[in-house]
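Note: hydrogens, waters and symmetry copies are ignored here, and every other heavy atom, side chains too, is used.
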Amino acid sequence: MESRDQSDTPEPRPGTGWETVPDHSWGAVPPPPPAQPPTAGPPPPGGALRAVAAGLLGLSGLGLGHVLVGRWGRAAVSWAATAVLLLVALPADPDGVPAVLVAGYLVLLVLAGADAARIALRTEFRPWSRPALAAALGLLLLGIPVAGTAAYGSARDEAVEQELLGRLEEGDALVAKAAKSPFPLSEPDFRHALTLYRELAEDHAGSRAAARVPGRLKDYYAAVASPYRAKKHCEAVDPLTHLRTLRGTVDRKLLGDLAGWPDTPLAESLYGCGVSRLDGTGTDSGGEELGTLLRTFPDTAQAEQVGPAVSATIERQVAGLKGAEPCAVTDQLRRTSALVDGLPPSSVPSLAQQAAAGVRDGVYACGVDEFEDKRFADARQTLTDFADTYKQDGRRRHALDIAVAAEIAEVRPSAGKRLPGSGKPGGVRMELVVSNGAPNDVEVLYTGPVTGTVKLKACGSCARFSSEATGEAGACRANGTSYPKARLRLPAGEYHFLYKHGTGASSAVDSYASGSSVKPGYSYTSCTYVVERDPYGLDLPTLPDLLKPTSALR
């Protein structure tokens, strides 16, 4: 049996763990290297540099730290994590990558780098690698996530900019669409567009979209105010009012000169719209617009023109009372008067009296026109109201005469052939004594050369007659009976009478109309009575067709 010298025993080689160098002189097969690094004992020389290089390469996210130490499975984990992150992050969008995913990925990189460094501390790199070169490469590759993060941030910022520009374009489209419709229909679109512009300017002040907002606001104002540019003043009032209110909701620095721009156009539109409606016949008289002008812009040139414009309108309407439709003109005067009542008194102090006088003239003219048009019931009502309302007017007496003639003409149309005279005729007058032989009150209306009324009380002792013959023979002739009487002094001419039975008459007693001539040189008498000729007790009045002359005047 041979013995060996102790010096011939193989020693462990540095950096290779417990791997031995075969001695070919003996002809024996060397044992295989261990599957894992030894877990005990000091690390091989150069382990610190290898650990640093592997750790840096592991932090790159490319799995190179594990590749250097031959841990392909663990390298694949890094590749998969990086791939997932890229799939989620690209292409960049304004919302970016979820924070949880980013935090998880960073933790994974740190763990991968630490794991690669731990393994490299006790494991040699591949023959083709050098620790120093690998460390330098690791430092360089650390720039990949840094540069990637910066590039991704830039791409995300651009995505945000594109989204904001998209919002800007959305607002532009809304404005373009709204400009094609009347403001009441398009107002929601305008307001939505304004909200988009304001949010861009206030919430994303440094963006390219925000930098374009001032120009878009100018376009917005131009679109909203398009009716004003087209001289459609009434249509322009609401949109201009909308623009004027924006100074309270949008930053004045953002609006700039636009903040005060709507004032002058709005004042012009209020005036133009209000004046254009003064002579209208609809429900809009212009009072709302003119009142708003005087209250909102009292010191403007347009406000100073309101008084003269309304005054000229009243004068023009009063002149129109001489035309063919005075009642229609009167309605216009009433509208104008109501308009004046709604204006600030201090702004137009003299218009109220002028408007009221115009209405008074209109009512009188309307009543006269209704009489001439044979609308006797309307004429009577209109002129009676005139007399009741304007008791100090010099035309009151004539208005009452026309109302009396109109009432007679309702029953006896021939009484409405001509208007009653406004003056008192001269010459000789004849006496007419009207007696009441009826058991009820009687009002006598007459018109002719003169017009008037007279009321007779009921004859308390008088009764109804059984026939017209007995009535005509016995009316107002009973001895010892005092009949209520009235004496009229009438100029000669044709007269129309209306006898209206009042208190004491049954519902069946009707008014009675008659006509007669009054001739010079005579005095006349007339007597009313009631004939009961219906078997069921219906009472009907009667009166001789002609006034009976009682004596000739010599």
Evaluation steps, side chain to side chain contact (heavy atoms under 4.5 Å, CB included), between Val237 and Leu270: CA-CA 6 Å; Val237 170; Leu270 288 169; 3.7 Å; yes
Within 45 degrees of the ring normal and closer than 6.0 Å to the centroid, is that where the cationic atom of Arg395 sits relative to Tyr364? yes
So is Lys218 actually on top of Tyr220's ring, under 6.0 Å and inside 45° of the axis? no
Main-chain N/O of [Y] paired to [X] side chain as donor or acceptor, under 3.5 Å:
X      : Y      : answer
Ser337 : Leu333 : no
Glu161 : Arg208 : yes
His398 : Pro420 : yes
Ser181 : Ala178 : no

Quick one, [X] and [Y] - any side-chain contact, counting heavy atoms below 4.5 Å?
X      : Y      : answer
Tyr197 : Leu254 : no
Arg397 : Leu400 : yes
Glu170 : His192 : yes
Tyr390 : Val359 : yes
Val363 : Asp385 : no
Thr296 : Arg244 : yes
Thr300 : Leu293 : yes
Gln302 : Phe297 : no

What's the shortest heavy-atom distance between [X] and [Y], and which atoms?
X      : Y      : value
Ser269 : Tyr228 : OG-CD1, 3.5 Å
Ala223 : Val175 : CB-CG1, 3.6 Å
His204 : Ser207 : O-OG, 2.8 Å
Leu258 : Pro262 : O-CD, 3.3 Å
Pro344 : Leu294 : CD-CD1, 3.8 Å
Ala355 : Val340 : CB-CG2, 4.2 Å

Side chain to side chain contact (heavy atoms under 4.5 Å, CB included) assessment of Val450 paired with Lys424: CA-CA 7 Å; Val450 293; Lys424 295 183 178 181; 5.9 Å; no
Go through it in stages, so that I can follow the logic: the residues are Leu266 and Trp261, the test is side chain to side chain contact (heavy atoms under 4.5 Å, CB included), and I'd like the CA-CA distance, side-chain angles, deciding distance and then a yes or no. CA-CA 9 Å; Leu266 180 56; Trp261 177 82; over 6 Å; no
Can the ring centroids of His242 and Phe183 be said to lie less than 6.0 angstrom from one another?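 Yes: the rings meet the under 6.0 Å criterion.
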Hey, could you give me the [atom1]/[atom2] distance between [X] and [Y], rounded to the nearest 0.5 Å?
X      : Y      : atom1 : atom2 : answer
Arg277 : Leu290 : CZ    : CG    : 10.0 Å
Asp388 : Leu383 : CG    : CG    : 11.0 Å
Asp219 : Arg212 : CG    : CZ    : 12.5 Å
Arg396 : Asp401 : CZ    : CG    : 11.0 Å
Leu217 : Leu194 : CG    : CG    : 7.0 Å
Asp441 : Lys500 : CG    : NZ    : 12.0 Å

Taking distance alone, no hydrogens or angles, what donor-acceptor pairs closer than 3.5 Å link side-chain atoms of residues 306-318 to residues at least two apart or in another chain?
{"from": "Ser311", "atom 1": "OG", "to": "Gln354", "atom 2": "OE1", "distance (Å)": "3.0"}
{"from": "Ser311", "atom 1": "OG", "to": "Gln354", "atom 2": "NE2", "distance (Å)": "3.2"}
{"from": "Thr313", "atom 1": "OG1", "to": "Ala309", "atom 2": "O", "distance (Å)": "2.9"}
{"from": "Thr313", "atom 1": "OG1", "to": "Arg316", "atom 2": "NH2", "distance (Å)": "3.2"}
{"from": "Arg316", "atom 1": "NE", "to": "Asp279", "atom 2": "OD2", "distance (Å)": "3.1"}
{"from": "Arg316", "atom 1": "NH2", "to": "Asp279", "atom 2": "OD2", "distance (Å)": "2.7"}
{"from": "Gln317", "atom 1": "OE1", "to": "Thr336", "atom 2": "OG1", "distance (Å)": "3.1"}
{"from": "Gln317", "atom 1": "NE2", "to": "Asp279", "atom 2": "OD1", "distance (Å)": "3.2"}
{"from": "Gln317", "atom 1": "NE2", "to": "Thr336", "atom 2": "OG1", "distance (Å)": "3.2"}

Count the heavy atoms belonging to other residues, nucleotides or ligands that lie under 6.0 Å from [atom1] of [X], then report whether that count exceeds 12.
X      : atom1 : answer
Lys177 : NZ    : no
Arg418 : CZ    : no
Asp257 : CG    : no
Glu187 : CD    : yes

With sequence neighbours left out, write down each residue that passes side-chain contact (heavy atoms from CB on, under 4.5 Å) with Thr264, or none if nothing qualifies.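 Thr264 satisfies side-chain contact (heavy atoms from CB on, under 4.5 Å) with Glu268 once adjacent residues are dropped.
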Carefully, step by step, assess Glu443 and Thr453 under the rule side chain to side chain contact (heavy atoms under 4.5 Å, CB included). CA-CA 7 Å; Glu443 182 180 10; Thr453 64; 4.0 Å; yes
Does anything in residues 164-272 form a disulfide bond (SG atoms under 2.5 Å apart)? List the pairs, not counting sequence neighbours. Cys234-Cys273
Should Asp263 and Arg247 be marked as a salt bridge (charged side-chain N to carboxylate O under 4.0 Å, His left out) after you check the CA-CA gap, both sets of side-chain angles, and the distance that decides it? CA-CA 11 Å; Asp263 288 356; Arg247 67 185 70 175; 2.7 Å; yes
